[in-house]
Peer 1: 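Quick one: the structure is below, questions incoming.
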Amino acid sequence: IKKRKSDCNEQQERSRKMKLLNFILTLFALNGIFFNAYAAEYFLSPAGADGADRDGSQARPWRTLLWATTKSSLTSGDTLTCLPGDYGKAYMKDAKFDIDNKVLIRSGELHAAQIGLNWVTYCTGIIFDGFDFGPFPGSKTNVLQLDHSDYLIVRNSVIHDAPDGG
């Protein structure tokens with residue numbers, strides 16, 4: 001009788017462990033669904049082009065931040081890599097991403113992507129990383145103007161030569 005009780009207890013313990021393991025595996029699966037574990041990487045290039053015929057791949061990059069952040073398939077958690085070069089005047093409007101799973105917009109090489117980012121308005125949930133922010137030719141406004149936007153992070157970037165010190 002003692003052996004049967006012991007066997008029964010072992011079987012119950014194995015059953016509990018299997019249920020726990022299934023629960024943990026389910027949590028990992030749900031994490032991938034709800035927290036974009038399969039984030040994509042897209043590309044921007046000064047030589048790229050905007051349009052539905054472009055997929056944002058390294059071979060077929062987009063041209064502007066406005067297109068990439070509002071008209072493309074870029075979603076929360078994705079990365080937008082800006083290839084080296086001068087992007088001139090950049091404008092972003094109504095780019096809204098999850099504040100807990102921000103979009104990363106990064107220079108592919110530290111400070112090799114130069115942007116005269118004149119205006120970022122009504123944008124949420126974005127990290128700018130590794131850029132050279134400077135004025136575009138003929139600019140009379142701030143180098144980086146954030147208007148009605150929140151949960152934005154600028155890191156590892158340089159901001160310089162703002163007209164009128166702004």
Peer 1: I would like to know whether R106 and E41 meet side chain to side chain contact (heavy atoms under 4.5 Å, CB included); could you show each step before the answer?
Peer 2: CA-CA 11 Å; R106 69 181 191 96; E41 182 174 18; 3.3 Å; yes
Peer 1: Is the backbone of D55 close enough, under 3.5 Å, to the side chain of S57 for a donor and an acceptor to pair up by distance?
Peer 2: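 Judged by distance alone, no pair lies under 3.5 Å.
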Peer 1: Flag the pair D53 / R60 as yes when at least one side-chain heavy-atom distance between them is below 4.5 Å, and no otherwise.
Peer 2: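 Yes, side chains in contact.
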Peer 1: Output the distance between atom OG1 (T69) and atom CD1 (I105), rounded to the nearest 0.5 Å.
Peer 2: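 Between atom OG1 of T69 and atom CD1 of I105 there are 6.0 Å.
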Peer 1: Have a look at I127 and tell me which of V103, L152, T79, I153 forms a side-chain contact (heavy atoms from CB on, under 4.5 Å) with it.
Peer 2: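 So the option named by the test is I153.
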Peer 1: Looking at G51 and W62, what are the two nearest heavy atoms and their distance?
Peer 2: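 Where G51 meets W62 most closely, the heavy atoms are O-NE1, 4.5 Å.
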Peer 1: With distance as the sole test, does S157 use its side chain to make a donor-acceptor pair with the main-chain N or O of G130 at under 3.5 Å?
Peer 2: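 The answer is yes, because a donor-acceptor pair under 3.5 Å joins these two groups.
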Peer 1: Within the 4.5 Å heavy-atom criterion, are Q114 and F133 side-chain neighbours or not?
Peer 2: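 No, too far: nothing below the 4.5 Å cut-off.
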Peer 1: Mind checking whether F97 and V154 sit in one hydrophobic cluster, side chains of I, L, V, M, F, W, Y counted as touching below 4.5 Å?
Peer 2: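 In one cluster with F97: V154, yes.
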Peer 1: Checking Y42 against S73: is there a side-chain donor and acceptor pair closer than 3.5 Å?
Peer 2: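 Yes, Y42 and S73 have a side-chain donor paired with an acceptor closer than 3.5 Å.
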Peer 1: Is a side-chain donor-acceptor pair under 3.5 Å present for T70 with D94?
Peer 2: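 Note: D94 and T70 side chains miss the donor-acceptor criterion.
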Peer 1: Please find the pair of heavy atoms, one from A39 and one from G77, that lie closest to each other, and give the distance.
Peer 2: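 Minimum heavy-atom contact is CB-O, 3.0 Å.
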Peer 1: Mind checking the CG-OG spacing from D129 to S107? Nearest 0.5 Å is all I need.
Peer 2: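 The distance works out to 8.5 Å.
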Peer 1: Nearest 0.5 Å please: distance from the CE atom of M92 over to the OG atom of S149.
Peer 2: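 Nearest 0.5 Å value for the CE-OG distance: 8.0 Å.
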Peer 1: Does D50 reach the main-chain N or O of W67 with its side chain, forming a donor-acceptor pair under 3.5 Å?
Peer 2: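 Pair absent, no side-chain N/O of D50 close to backbone of W67.
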Peer 1: Among L65, L44, D132, which residue satisfies the side-chain contact (heavy atoms from CB on, under 4.5 Å) criterion with I115?
Peer 2: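 Of L65, L44, D132, side-chain contact (heavy atoms from CB on, under 4.5 Å) with I115 is met by L65 alone.
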Peer 1: Apply the side-chain contact (heavy atoms from CB on, under 4.5 Å) test between Y151 and each candidate in I126, T124, D100; give the one that qualifies.
Peer 2: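 Among the candidates, only T124 passes.
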Peer 1: Would F131 and L83 show up in the same hydrophobic cluster when neighbours are defined by side-chain heavy atoms closer than 4.5 Å?
Peer 2: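 Shared cluster, yes.
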Peer 1: Nearest 0.5 angstrom please: F128 CZ to C123 SG, how far?
Peer 2: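 Going from the CZ atom of F128 to the SG atom of C123 covers 7.0 Å.
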Peer 1: State whether the side chain of D78 and the backbone N or O of A40 hold a donor-acceptor pair below 3.5 Å, judged by distance alone.
Peer 2: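 Yes.
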Peer 1: Nearest 0.5 Å, what's the CZ-NZ distance between R14 and K19?
Peer 2: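 NZ of K19 is found 14.5 Å from CZ of R14.
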Peer 1: Could you state the interatomic distance from OG (S45) to OH (Y87), rounded to the nearest 0.5 Å?
Peer 2: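 Going from OG on S45 over to OH on Y87, the span is 5.0 Å.
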Peer 1: Is L110 reachable from I159 through a run of I, L, V, M, F, W or Y residues, each pair having side-chain heavy atoms under 4.5 Å apart?
Peer 2: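 No; tracing contacts between hydrophobic side chains, which count when under 4.5 Å, never links both residues.
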